[in-house]
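Everything on this sheet refers to the single structure shown next.
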Amino acid sequence: ELLRDLQKPEGGWGWMKKMPVSFLMTVNTLEGLSRLTKLGGIQYDEASKYMQMRAINYLDSCIILDQERRKANKSGVVSKYGKLLYVYVRSSYQDMPLAKALSAHKEIIEYIKREWVSFSLYEKAVAAVSLYRYGFTVEAKEILESLREYSTTTEELGMFWQNNKSSYAYRNSAIQVHAAIMNAFAEIDPNSKSELNEMKRWLIMQKQTQLGICAFDDRCCQCNIEYRRLYVVSIEKYGKNHMGENRFKTGDYGWFHRI
């Protein structure tokens, strides 16, 4: 009910109540809402579904406008990072037709397939999941293999990425990046249980050795960790179909992390 009250006339959300609508904040909010659905932890009523539909329509309209402006040799309105997150979130709402956003959506997918090598660790994880959900399994597994190739595994720390460092800048923390990679492995490669166990060891070590690691975004980090943990456990216990894998097998074009 609070989210409905905070929703802007355009359909999205702003960073604060009196601030204008924000593309990235809307992406963040929908990503969080879709997580709950994926975990089977909530059933939304019709009002909540309509709220999410309005938000998706807002994101679609931004993507359409961005494409139209670039075709007219004007500056776009959505960053490349924002487009990547858009496709990731949109993959959880494939029951809503892309309609006029189809062309722009396909353009982003092709950009991801072409440029993923230059992405950050977090972006690669998000890109892999997005491509996998839209049926580009080969490309998704290529990204996963790249992540695997650049990982480090030790007896003490488990499996981790040495260039994954937290900073005081307004960006994803090392734990959030690690959790996103775990999510990609869990969803795309059902045979990666041993690797996931090694990744869990790194998370445990962070908690033991860096008690203040979440001092500046504790709620956000813990929320991400718990989601990834429940996601992985559910797959291990019930299989991928329990998590709604069939929703993502669309072939053709028929969730709160910090930015």
Side-chain angles (χ1 to χ4, degrees), residues 3-4 6-15 20-38 44 46-116 119 122-137 139-140 143 184 187 244-257 259:
L3 282 176
R4 289 198 292 269
L6 292 173
Q7 195 167 26
K8 305 294 182 180
E10 298 91 338
W13 289 274
W15 289 95
V21 65
S22 163
F23 184 90
L24 291 180
M25 176 52 74
T26 304
V27 167
N28 282 335
T29 305
L30 284 173
E31 201 271 339
L33 292 171
S34 65
R35 283 188 192 184
L36 295 176
T37 301
K38 193 172 183 182
Y44 292 114
E46 290 304 313
S48 297
K49 291 178 182 178
Y50 179 67
M51 174 187 72
Q52 293 177 69
M53 182 181 71
R54 288 184 61 211
I56 286 293
N57 287 337
Y58 162 71
L59 294 181
D60 286 350
S61 69
C62 290
I63 293 299
I64 294 170
L65 177 60
D66 179 87
Q67 185 186 52
E68 291 175 345
R69 286 182 60 84
R70 286 184 292 101
K71 285 183 176 180
N73 295 319
K74 298 179 180 179
S75 58
V77 296
V78 182
S79 68
K80 291 181 179 179
Y81 183 62
K83 292 174 187 176
L84 175 59
L85 296 183
Y86 161 76
V87 170
Y88 176 57
V89 169
R90 198 62 172 80
S91 69
S92 294
Y93 292 90
Q94 293 187 51
D95 53 330
M96 290 185 60
L98 283 160
K100 293 181 179 180
L102 177 60
S103 174
H105 189 280
K106 284 186 174 181
E107 186 178 81
I108 300 170
I109 290 291
E110 290 304 314
Y111 160 72
I112 294 172
K113 291 165 62 177
R114 184 177 64 251
E115 302 291 340
W116 68 262
F119 290 179
Y122 181 79
E123 291 168 343
K124 285 180 179 179
V126 169
V129 173
S130 301
L131 291 176
Y132 181 74
R133 291 177 179 176
Y134 281 112
F136 299 101
T137 306
E139 292 86 348
I143 298 177
E187 184 163 339
E245 179 195 19
N246 292 333
R247 290 181 56 197
F248 303 128
K249 288 185 176 179
T250 59
D252 269 334
Y253 293 87
W255 54 283
F256 183 73
H257 58 264
I259 300 299

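Along the sequence shown, residues carry numbers from 1.
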Without swapping roles, check the side chain of [X] against the backbone of [Y] for a donor-acceptor pair under 3.5 Å.
{"X": "T26", "Y": "W13", "value": "yes"}
{"X": "R54", "Y": "K8", "value": "yes"}
{"X": "E115", "Y": "I112", "value": "no"}
{"X": "D66", "Y": "V77", "value": "yes"}

Check this for me, if you would: do [X] and [Y] make a salt bridge, where the nitrogen-to-carboxylate-oxygen distance has to be below 4.0 angstrom?
{"X": "E123", "Y": "K80", "answer": "no"}
{"X": "R133", "Y": "E187", "answer": "yes"}
{"X": "E68", "Y": "K71", "answer": "no"}

Next on the checklist: Between S48 and R4, does the side chain to side chain contact (heavy atoms under 4.5 Å, CB included) criterion hold? Intermediate values first, please.
Outcome noted: CA-CA 8 Å; S48 297; R4 289 198 292 269; 3.1 Å; yes
Looking at [X] and [Y], what are the two nearest heavy atoms and their distance?
{"X": "G82", "Y": "L24", "answer": "CA-CD2, 3.9 Å"}
{"X": "S103", "Y": "Q67", "answer": "OG-NE2, 3.1 Å"}
{"X": "A128", "Y": "A140", "answer": "O-CB, 3.3 Å"}
{"X": "P97", "Y": "D60", "answer": "O-OD2, 4.5 Å"}
{"X": "V129", "Y": "A184", "answer": "CG2-CA, 3.6 Å"}
{"X": "Y58", "Y": "F23", "answer": "OH-N, 3.5 Å"}

Checklist entry - Do I109 and F136 have side chains that get closer than 4.5 Å, going by heavy atoms? => result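 Sidechains of F136 and I109: in contact.
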Checklist entry - Step by step, would you call T29 with Q52 a side chain to side chain contact (heavy atoms under 4.5 Å, CB included)? => result CA-CA 9 Å; T29 305; Q52 293 177 69; over 6 Å; no
Spacing of [X] atom [atom1] and [Y] atom [atom2] [to the nearest 0.5 Å]:
{"X": "H105", "Y": "I64", "atom1": "NE2", "atom2": "CD1", "result": "11.5 Å"}
{"X": "K113", "Y": "I108", "atom1": "NZ", "atom2": "CD1", "result": "13.5 Å"}
{"X": "K124", "Y": "I143", "atom1": "NZ", "atom2": "CD1", "result": "8.5 Å"}
{"X": "L30", "Y": "M25", "atom1": "CG", "atom2": "CE", "result": "11.5 Å"}
{"X": "Y93", "Y": "N57", "atom1": "OH", "atom2": "CG", "result": "12.0 Å"}

Item to check | Listed partners of Y111 passing ring pair (Phe, Tyr, Trp, His ring centres under 6.0 Å), at least two apart | outcome: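 Result, ring pair (Phe, Tyr, Trp, His ring centres under 6.0 Å) vs Y111: F119.
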Next on the checklist: Side chains of W15 and S22 only: does a donor on one sit below 3.5 Å from an acceptor on the other?
Outcome noted: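 Looking only at side-chain atoms, S22 and W15 do form a donor-acceptor pair, the distance falling under 3.5 Å.
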Item to check | Side chains of S130 and R90, donor plus acceptor under 3.5 Å | outcome: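 No - no donor-acceptor pair under 3.5 Å links their side chains.
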Next on the checklist: What verdict does the side chain to side chain contact (heavy atoms under 4.5 Å, CB included) test give for Y44 and L33, after you've listed the backbone C-alpha separation in whole Å, the side-chain angles of each residue and the deciding distance to 0.1 Å?
Outcome noted: CA-CA 9 Å; Y44 292 114; L33 292 171; 3.5 Å; yes
Next on the checklist: Between R70 and E107, does the side chain to side chain contact (heavy atoms under 4.5 Å, CB included) criterion hold? Intermediate values first, please.
Outcome noted: CA-CA 12 Å; R70 286 184 292 101; E107 186 178 81; 2.4 Å; yes
